[in-house]
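Residue numbers start from 1 in every chain, and the chains themselves are labelled A, B, ... in the order their sequence lines are given, proteins ahead of strands. What you are looking at is a predicted structure, and each value in this text was computed from that prediction instead of being measured.
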There are 2 protein chains.
Amino acid sequence: MPYDPSAFPPFAVTVDLVVLTVRRHALCALAVRRGEPPFQGRWALPGGFVRADEDLAQAAARELAEETGLRAHDPAVPVQDNGAHLEQLATYGDPKRDPRMRVVSVAHLALAPDLPAPRAGGDASNARWAPVEELLQQGGYGRDGEPVAPLAFDHAQILADGVERARSKIEYSSLATAFCPPEFTVGELRRVYEAVWGVALDPRNFHRKVTGTPGFLVPTGGTTTRQGGRPAQLFRAGGATLLNPPMLRPEV
Amino acid sequence: MPYDPSAFPPFAVTVDLVVLTVRRHALCALAVRRGEPPFQGRWALPGGFVRADEDLAQAAARELAEETGLRAHDPAVPVQDNGAHLEQLATYGDPKRDPRMRVVSVAHLALAPDLPAPRAGGDASNARWAPVEELLQQGGYGRDGEPVAPLAFDHAQILADGVERARSKIEYSSLATAFCPPEFTVGELRRVYEAVWGVALDPRNFHRKVTGTPGFLVPTGGTTTRQGGRPAQLFRAGGATLLNPPMLRPEV
DNA sequence: AGTGTTTATCGTCAGGCAGACGACTATGAT
DNA sequence: ATCATAGTCGTCTGCCTGACGATAAACACT
């Protein structure tokens with residue numbers, strides 16, 4: 001039964017963003033504090049209305065720039081500069097997800113390297129990077145002993161879906177490099193995998209795997225000792241986007 | 001910048017369906033003929049407006065039932081009866097995708113076993129199963145020499161995305177069984193993979209792989225000769241949804 | 001009944017890849 | 001000088017896969 005333009009219920013359409021990064025060996029997401037009801041004072045994912053003349057991807061890129069200053073990447077171009085990877089995640093449209101009106105939210109997933117600091121319209125106290133486990137634990141107590149309120153709306157579900165997407169996608173793609181600065185070492189890339197998956201990986205097998213996969217990493221010639229220890233080769237992300245065979249996530 | 005309920009542009013929200021099945025060794029999709037402008041007389045994917053009190057998944061399941069009579073499966077339950085697998089695919093919201101108004105379409109992907117016949121509101125001439133290559137070839141000539149018009153709206157893109165999702169998802173999940181009747185043989189399952197991927201697979205290695213993966217197939221005890229040749233064991237889909245290690249799609 | 005065709009199923013073998021882990025190297029810190 | 005840290009190169013073993021031989025059980029002929 002294709003479109004019947006004579007009558008349709010009006011919807012509001014928003015984009016919500018799951019912006020992930022790796023800080024201090026932990027997978028973190030960007031959260032903003034709500035300044036107005038509903039869920040006033042609670043943490044939520046950044047997002048906003050899609051404008052009348054805007055594509056969904058444009059709206060997501062605009063929101064991402066407003067919240068973080070990051071430019072979104074053209075998905076066809078390999079991740080190289082400080083731009084972020086941005087892709088559509090899923091769409092959430094439960095009739096009761098927003099108590100005010102019927103809102104359909106097209107969630108997007110962004111992966112960014114570690115950033116200096118978040119900015120929410122210039123107000124830093126209303127935006128922060130929080131470890132995803134902290135944002136996802138429902139009604140417990142945070143590390144500072146403060147009670148933890150769950151995220152507003154259905155944002156806990158959206159965040160969980162985004163985290164799972166990131167976890168599975170770095171298995172068979174080179175997307176983990178989106179968490180890294182333009183030049184990085186094999187060890188830094190390994191710590192990204194370890195943070196996202198929450199596991200420890202064997203440095204020797206990891207090194208063999210990533211350097212042996214054609215197109216994954218391109219040596220820049222430089223070295224660095226910023227992690228301490230023996231100097232490590234620096235790499236850029238290569239052109240390969242699909243890893244075959246994939247990097248398998250260890251069981252349990 | 002979270003929700004500002006004071007002003008937002010109104011959208012129409014629809015669900016479009018990519019319904020795939022395997023018929024006569026070919027991957028086919030359900031297409032309906034448009035009865036009214038725009039794109040009158042052209043083929044399109046089935047779909048329709050989301051109702052005011054409906055969840056997106058509900059709307060997709062309702063459309064699926066209207067077009068095919070299929071009940072959608074609870075995703076948590078393994079595919080066993082004649083119900084179809086149904087999952088959200090992606091959302092398409094280009095401002096110009098519908099010339100009449102701003103329409104955001106949440107596309108869903110359904111995988112169904114071979115069905116007796118399509119029905120579009122009782123009118124069979126306005127619905128058909130067509131091989132996906134036929135629907136996706138732009139402006140060529142079909143097998144009957146008739147000129148082929150491309151699908152309406154951006155439905156060629158949606159269909160292509162759905163096909164790619166199905167092709168990749170049967171690699172690492174047991175979803176290929178959604179194309180099979182409740183009981184099926186290893187050879188029938190192999191022909192599903194061959195049709196979806198468009199490749200030939202070695203029957204011996206395929207048999208070893210699927211029967212050796214715990215939880216993928218459960219023998220029912222019966223046998224059948226409906227494919228000719230030596231009687232083959234009948235299986236049901238097992239509880240496993242994730243295949244580890246995956247069934248790798250051959251290169252090239 | 002015999003022969004060929006079709007499909008199913010079991011087995012064998014070699015190559016590739018991953019996990020476990022030993023060994024060595026090159027820095028900075030004490 | 002010694003230690004701690006991190007990076008890099010090898011080795012070995014087991015598992016999985018692709019290629020492919022062989023056998024089994026039905027049906028369609030003659």
Rounding to 0.5 Å, atoms CG (B:Leu111) and SG (B:Cys180) come to a distance of 11.0 Å
Counting side-chain heavy atoms from C-beta on, which of C:dT9, C:dC21, C:dA8 comes nearest to B:Arg204?
C:dT9
Heavy-atom donor-acceptor pair, A:Asp202 side chain to A:Asn205 backbone, under 3.5 Å
yes
Side-chain contact check for B:Gln227: nearest option of C:dA20, C:dA8, C:dT9 is C:dA8
A:Arg190 near the nucleic acid: base, sugar-phosphate alone, or nothing, with a heavy-atom cut-off under 4.0 Å?
sugar-phosphate
Map B:Pro231 and B:Met247 onto DNA chain D by nearest heavy atom, then report which one ends up closer to the 5' terminus.
B:Met247
Protein-nucleotide distance (B:His207, atom NE2; C:dG11, atom C1'), rounded to Å:
13 Å
Identify which nucleotide among C:dT9, C:dT7, C:dA18 has an atom closest to any side-chain atom of B:Pro203, counting heavy atoms from C-beta outward.
C:dT9
Phosphate contact (C:dC17 OP1 or OP2) by A:Lys209 side-chain N/O below 4.0 Å:
no
Answer with base, sugar-phosphate or nothing: what part of the nucleic acid does B:Arg226 contact at a heavy-atom distance below 4.0 Å?
nothing
To the nearest Å, how far apart are A:Arg208 CZ and C:dG19 P?
8 Å
Atom-to-atom span, CG of B:Asn205 to P of C:dT12 - whole angstrom
15 Å
Take atom CG of B:Leu189 and atom P of C:dT7, then tell me their distance rounded to the nearest Å.
16 Å
Could you tell me the boundaries of the chain A footprint on DNA chain D, defined by atoms under 4.0 Å from its heavy atoms?
D:dT5 to D:dT11
Between the side chains of A:Lys209 and A:Glu171, is the shortest nitrogen-to-carboxylate-oxygen separation below 4.0 Å, so that they form an ion pair?
no
State, with a plain yes or no, whether a side-chain heavy atom of B:Phe184 is found less than 4.5 Å away from one of B:Leu217.
yes
Does A:Arg230 contact C:dA26 through a side-chain donor or acceptor facing the base, at a distance under 3.5 Å?
no
So, A:Arg128 and A:Glu67, do they make that salt bridge, N to O below 4.0 Å?
no
Could you say whether A:Asp202 or A:Gly228 is positioned toward the 5' end of DNA chain C, judged by the nucleotide with the nearest heavy atom to each?
A:Asp202
Mind calculating the distance between CG (A:Leu248) and P (C:dG16) to the nearest angstrom?
18 Å
Rounded interatomic separation in angstrom, taking CG from B:Leu234 and C1' from C:dT7
14 Å
Length of the CG-P vector between B:Leu201 and C:dA8, whole Å
13 Å
Taking the six-membered ring for Trp, are B:Phe206 and B:Tyr193 ring centroids under 6.0 Å apart?
yes
What do the steps show when you test A:Glu87 against A:His85 for side-chain hydrogen bond (donor to acceptor under 3.5 Å, both in side chains), and what is the final call?
CA-CA 7 Å; A:Glu87 68 178 45; A:His85 169 84; 2.7 Å; yes
